[in-house]
Amino acid sequence: MGTESHILIHEMIDGHEERMINLKKFYPFFRLCDHALTQFREGRYERIDMGYVTMAVLRFFIEENSFNDRKVVYEEYESFMRELLCRDFYLDRDDTGITELIQYIFDKITNEGRPFYFEYYEPKTGQKKAARTRLIESHYQEGIVAYTISSDAVEFYLETKEMKDESRISIEQLLLNKMIRSKNFKGGLEVIRRINSEVTRLMLKQNEIVTLLSHNIFEGVKELDHFSKSGLRWFDEEQKLFDTNLELVKKALLKAQEEDYNSHALDEIFCLNQELKRAMDRHEALLSACTKLQIQADEMMIKAKHSRFRRRMDFSDLLRKAMEKDDIRLLESMVSPLFGVKIKKTMGFGCLDECLLCRNGEEEKGEAEPEGIEENYVFEDEIEEERIYHNFSLLLRILFDTLLSRKSLMLEELQHLYIMKFTENILNNGDYYGFLAHLSQKDYYHLMQIREKPDTFLEEIMAELVMKDRNKNYEDLSFSLEFLPDQKLDAGKENYITNIRFERQGM
């Protein structure tokens, strides 16, 4: 094999994992585009472009999280999406299916609360690996669920227009410099907003590294080193450009006051000056946070090393104890081995016989070291997902077996069966109510069709139950859900769903 071929193979193997990790941020977008709205409501909204909708939602979250510095609740997202769908896709505002459509799109973009898994092959180890990424993250705070955009999503949105190997902040500031000189102050405001967005992405990445350090110190240090090389090495250059642009804005403001610009132009320059100062403050805050993070990481690494390796002999600690007790005899354990050295070596005649009779085939072999076992970190949401998957499978199996023996079934009867099986503790289990909520997303299920193409998280569990069923009892099972209103309410009042009838179809 020639030298050029060897270099080529070396570059392919060493650079593959880094390229795959860089590609993971693009994976959710193309998966969302691939899973269009053809399956929702029998293709009624299939003309809606999921690519455009996804980019619009990311831009909305960047605006609220980065520029307005606040988290988003679901009602705000719903209001934004309703306006977008009616404006850009000409949907009727009175359409009763819009609310359900907005919820369906949100579930797809958030992947129903689960991360997107991007699987790739690692040639160094010969194994498959999975990279995790999210677009939207949720936080429970003060009794409400709020949503924020992830750093991967911000990076993906920025990289759709910019190059990765350069500092985005420096590139945007060069553009800002040109806009100030050409008196395009309104365009300069947009550039500063993009700078703030990039600073926010770096802050989010820094927070994620802090979390990783608390779970896995060695992986966290590795990620911090990569973060420092790829995102923080341009700080000095960026700070110089900030100072230059701030000086230009101050000169433009003085010139505008001297030449008596109109009030609109003065307002634009003043806003540009304020936004630039705020961007500089956030940039300095990022530098301070990263400096503290580096110090914190060094301290955590030292503690991890001390706890990982057992100390054999601490001579300084032994000397300190001897000085405190004023007793030099404590140093005996340190110096006694030095006085017991046996300089003259002797060998008995029996050893000579053993050497002469020794055969090469009977030489001692070194002890083989066992191969290390790679430890995989299990995330908390994966543990939660495994528990939910197990519980949903048990609840579905009872529902399927009951429908195979009965034509129809009421929800209260099904609940009685669950209580008989799992005791009344199931009524205090949140997974039970989550199961009913997932099951109520559709009013008809055909297990043969679901096995071929599952659409939701619950349908994936149904498909696996069908495939694992050795007796093939579930394949032809299909059933519908009829949502029954409360008959006790007055005729003039709105009826509420209080029961569900499960009815087997066909068979």
Side-chain angles (χ1 to χ4, degrees), residues 20-21 24-25 27-32 34-35 39 54 74 77 103-120 127-141 144-153 204 207-208 211-212 214-216 219-220 223 374-400 418 421-422 425-442 445 447 450-451 453-469 474:
M20 293 299 103
I21 294 176
K24 75 173 182 179
K25 66 178 75 72
Y27 174 72
F29 174 80
F30 291 106
R31 183 174 174 184
L32 290 170
D34 186 47
H35 292 73
Q39 298 181 7
T54 302
Y74 180 79
Y77 155 80
Q103 178 67 58
Y104 182 83
I105 292 175
F106 187 75
D107 290 340
K108 289 299 180 183
I109 292 178
T110 59
N111 200 26
E112 299 182 0
R114 297 174 294 160
F116 291 91
Y117 289 92
F118 175 60
E119 294 186 350
Y120 62 93
Q127 298 177 350
K128 271 196 170 185
K129 288 189 176 182
R132 298 156 41 94
T133 184
R134 294 177 186 268
L135 295 181
I136 305 297
E137 296 178 337
S138 60
H139 307 274
Y140 183 79
Q141 188 177 10
I144 61 173
V145 179
Y147 300 92
T148 58
I149 190 170
S150 68
S151 60
D152 283 342
L204 289 172
N207 292 333
E208 292 175 358
T211 304
L212 183 59
S214 63
H215 291 293
N216 190 327
E219 289 295 328
E223 189 69 20
E374 183 178 357
E375 296 184 1
N376 294 324
Y377 179 76
V378 181
F379 292 87
E380 293 181 0
D381 57 347
E382 292 178 338
I383 298 175
E384 293 289 327
E385 183 178 338
E386 184 177 354
R387 189 204 72 236
I388 294 173
Y389 194 96
H390 174 71
N391 291 342
F392 281 16
S393 299
L394 295 177
L395 297 174
L396 279 174
R397 193 180 298 275
I398 294 175
L399 174 61
F400 291 169
Y418 288 150
K421 179 70 175 177
F422 305 110
N425 290 333
I426 192 172
L427 300 180
N428 299 322
N429 193 322
D431 289 346
Y432 170 60
Y433 300 101
F435 166 73
L436 294 179
H438 277 267
L439 191 64
S440 302
Q441 289 181 350
K442 293 186 177 182
Y445 292 93
L447 298 191
I450 290 173
R451 174 184 176 179
K453 199 167 187 181
D455 185 32
T456 64
F457 172 65
L458 185 64
E459 289 187 353
E460 291 178 1
I461 303 177
M462 291 182 178
E464 185 166 348
L465 286 177
V466 173
M467 289 186 286
K468 290 183 177 180
D469 183 22
Y474 298 155

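Computed over heavy atoms, backbone and side chain alike; hydrogens, waters and symmetry mates excluded. What you see is a predicted model; the values in this text were computed from it and never measured.
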* **Check against side-chain contact (heavy atoms from CB on, under 4.5 Å), Leu394 and Phe435** => CA-CA 11 Å; Leu394 295 177; Phe435 166 73; over 6 Å; no

* Begin from the C-alpha positions of Thr148 and His139 and carry the test side chain to side chain donor-acceptor pair (under 3.5 Å) through to its verdict. => CA-CA 8 Å; Thr148 58; His139 307 274; 3.1 Å; yes

[atom2] on [Y] to [atom1] on [X], rounded to 0.5 Å:
{"X": "Leu465", "Y": "Leu447", "atom1": "CG", "atom2": "CG", "value": "9.0 Å"}
{"X": "Leu458", "Y": "Leu396", "atom1": "CG", "atom2": "CG", "value": "5.0 Å"}
{"X": "Leu395", "Y": "Asn391", "atom1": "CG", "atom2": "CG", "value": "6.5 Å"}
{"X": "Glu460", "Y": "Phe392", "atom1": "CD", "atom2": "CZ", "value": "12.5 Å"}
{"X": "Asp455", "Y": "Met462", "atom1": "CG", "atom2": "CE", "value": "11.5 Å"}
{"X": "Glu384", "Y": "Glu380", "atom1": "CD", "atom2": "CD", "value": "8.0 Å"}

* To do: Go through the structure and list residues passing ring-ring contact (aromatic ring centres under 6.0 Å, His included) with Phe116, not counting sequence neighbours.
  =>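 Partners of Phe116 by the ring-ring contact (aromatic ring centres under 6.0 Å, His included) criterion come out as none, since no residue qualifies.
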
Backbone N or O of [Y] within a donor-acceptor pair of the [X] side chain at under 3.5 Å?
{"X": "Tyr433", "Y": "Leu427", "answer": "yes"}
{"X": "Ser150", "Y": "Arg134", "answer": "yes"}
{"X": "Tyr445", "Y": "Leu439", "answer": "yes"}

With a 4.5 Å limit on heavy-atom distance, are the side chains of [X] and [Y] in contact?
{"X": "Asp381", "Y": "Pro115", "answer": "yes"}
{"X": "Asp34", "Y": "Phe30", "answer": "no"}
{"X": "Met20", "Y": "Lys129", "answer": "no"}

* Asked: Can we say Asp469 and Arg397 salt-bridge, meaning some charged N sits less than 4.0 Å from an Asp/Glu carboxylate O?
  ->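 No, Asp469 and Arg397 are not salt-bridged.
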
* So does Arg132 pair up with Glu385, basic N to acidic O under 4.0 Å? ->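 Glu385 and Arg132: not salt-bridged.
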
Testing the basics here: between [X] and [Y], what is the closest heavy-atom pair and its distance to 0.1 Å?
{"X": "Glu459", "Y": "Ile450", "answer": "O-CG2, 3.3 Å"}
{"X": "Ile398", "Y": "Lys421", "answer": "CD1-CG, 3.8 Å"}
{"X": "Ile136", "Y": "Ile149", "answer": "CD1-CA, 4.3 Å"}
{"X": "Glu137", "Y": "Glu208", "answer": "OE2-OE2, 4.1 Å"}

* Decide side-chain contact (heavy atoms from CB on, under 4.5 Å) for Asp431 and Arg387; before the verdict, give the C-alpha distance in whole Å, the side-chain angles of both, and the deciding distance to 0.1 Å. => CA-CA 9 Å; Asp431 289 346; Arg387 189 204 72 236; 2.9 Å; yes

* Asked: Would Asn111 and Tyr117 satisfy side chain to side chain donor-acceptor pair (under 3.5 Å), going step by step from the backbone distance to the final call?
  -> CA-CA 10 Å; Asn111 200 26; Tyr117 289 92; over 6 Å; no

* Asked: Would the Tyr147 and Phe106 ring centres measure less than 6.0 Å apart?
  ->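 Yes.
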
* With sequence neighbours excluded, tell me which residues meet side-chain hydrogen bond (donor to acceptor under 3.5 Å, both in side chains) with Gln103. =>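 Partners of Gln103 by the side-chain hydrogen bond (donor to acceptor under 3.5 Å, both in side chains) criterion, ordered by chain and then number, come out as Tyr74, Asp107.
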
* More than 12 heavy atoms of other groups within 6.0 Å of Glu112 CD ->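 Check passes, neighbour count above 12.
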
